[in-house]
Amino acid sequence: MPSLTTAPDHGFTGLTGFAADLLNALGEFGVGVLVFIEVLVPPIPSEVILPFAGYLSQAGELQLGWLIVWSTAASLAGALLLYWLGAAVGMTRAIDLIARTRLVSRTDLERGAEWFTRHGSWSVLVGRIIPGVRSLISIPAGAARMGLARFCVYTVVGSGIWNTFLIGAGAALGTQHEALDQYLGYVDLVVYAAIAIALVTLVVRRLREHRRAGAAGVDAEPAKVDAAR
């Protein structure tokens, strides 16, 4: 595992640079940390984290097998938290709670619920490789009280396949730093655009809510006056 005090100058920036710093500091375990965060708190996508980790394995800084183990274990840990949330409060309340954080859109949450309703427990297995569904499918699975053992098996298999594919893709690039940097740069731009859109949407919603509240207050005043008369 690389030393905290002697982390190499990897030359990456943006989200990739952040991932590189953490991986240099924590080694294979750092992949687990990043994947766990990705499951619960977007928007650091596995499409950035895992190929880069695979690339570092070919550079001799990380071990490929442990990257797959830690990333899959973290996927399961995050999925279980969302599963238990769905089981504890039900699908509707879980969607409401998460949607209020503005970290995930209600549309994505409802898409995950619809996917589970349409395809049943198999959607947990297949959904692990589908962006926008991968994490959120755990909530309806918990709300439907899907068998925990089956949920864990499907999550490990589906997430393991997805993680292995992305890590392997990064490892296949070997020492092609420029090719990887270009790919991850494009992904960074997409993530930054998504963050910007989310922030603008949040501001617009807040302004609309404030205006509606103000309008409701103005409309209520004449009614109070009339009632007093």
Side-chain angles (χ1 to χ4, degrees), residues 15 19 31-54 67-170 187 190-191 193-195 197-198 201-202:
L15 291 174
V31 173
V33 173
L34 288 171
V35 170
F36 183 77
I37 293 172
E38 183 241 350
V39 172
L40 299 178
V41 186
I44 304 176
S46 56
E47 290 85 352
V48 169
I49 302 165
L50 299 181
F52 182 72
L67 290 175
I68 295 172
V69 169
W70 278 114
S71 61
T72 303
S75 296
L76 176 61
L80 283 172
L81 284 180
L82 294 177
Y83 174 94
W84 286 323
L85 175 63
V89 303
M91 187 157 57
T92 301
R93 288 187 61 194
I95 288 176
D96 288 341
L97 286 172
I98 296 178
R100 287 175 190 169
T101 67
R102 311 295 188 183
L103 294 172
V104 181
S105 72
R106 181 175 292 273
T107 300
D108 285 343
L109 291 163
E110 292 173 347
R111 184 184 300 129
E114 180 183 356
W115 182 270
F116 184 85
T117 301
R118 182 184 305 171
H119 300 287
S121 59
W122 283 102
S123 62
V124 173
L125 175 61
V126 178
R128 297 302 175 192
I129 63 174
I130 300 176
V133 174
R134 188 164 57 243
S135 298
L136 304 177
I137 195 67
S138 302
I139 296 173
R145 298 296 198 278
M146 176 182 173
L148 184 58
R150 180 183 295 182
F151 175 83
C152 290
V153 170
Y154 284 179
T155 298
V156 168
V157 172
S159 297
I161 291 172
W162 176 251
N163 296 343
T164 300
F165 169 75
L166 290 179
I167 292 171
V187 178
V190 172
V191 173
I195 293 173
I197 292 171
T201 301
L202 175 60

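Remember, it's a predicted structure, so these values are computed and weren't measured experimentally. All values below come from the heavy atoms of this structure, side chains included, with hydrogens, waters and symmetry mates left out.
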Contact summary for [X] and [Y], nearest pair of heavy atoms:
X	Y	result
Asn163	Ser75	ND2-OG, 3.5 Å
Val89	Ala94	CG2-N, 3.6 Å
Gly90	Ala143	C-CB, 4.1 Å
Ala113	Pro140	CA-CG, 3.8 Å
Ala74	Gly32	CB-O, 3.0 Å
Gly160	Thr72	CA-OG1, 3.6 Å

Query - Of all pairs that satisfy salt bridge (charged side-chain N to carboxylate O under 4.0 Å, His left out), the ones with a partner from residues 115-130, not counting sequence neighbours - result: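 Non-adjacent pairs meeting salt bridge (charged side-chain N to carboxylate O under 4.0 Å, His left out): Glu114-Arg118.
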Nearest 0.5 Å, please: how far is [atom2] in [Y] from [atom1] in [X]?
X	Y	atom1	atom2	answer
Phe151	Leu76	CZ	CG	7.5 Å
Leu85	Ser138	CG	OG	10.5 Å
Ile68	Ile167	CD1	CD1	5.0 Å
Leu67	Leu166	CG	CG	12.0 Å
Tyr83	Leu148	OH	CG	5.0 Å

Query raised in the report: Should Tyr154 and Met146 count as side-chain neighbours, where that means a heavy-atom distance under 4.5 Å?
Result: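 Yes. Closest side-chain heavy atoms under 4.5 Å.
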Query raised in the report: Does a side-chain heavy-atom distance below 4.5 Å link Val35 with Leu50?
Result: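 Yes, side chains in contact.
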**Report entry** With Phe36 via ring-ring contact (aromatic ring centres under 6.0 Å, His included) - residues at least two apart
**Finding:**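 Per chain and number, Phe36 pairs via ring-ring contact (aromatic ring centres under 6.0 Å, His included) with no residue.
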Query raised in the report: With distance as the sole test, does Ser123 use its side chain to make a donor-acceptor pair with the main-chain N or O of Gly120 at under 3.5 Å?
Result: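 Yes: the side chain of Ser123 pairs with the backbone of Gly120.
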Query - Sole candidate of Leu125, Val124, Ile137 that passes side chain to side chain contact (heavy atoms under 4.5 Å, CB included) when paired with Thr155 - result: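 The side chain to side chain contact (heavy atoms under 4.5 Å, CB included) with Thr155 is passed solely by Val124 among Leu125, Val124, Ile137.
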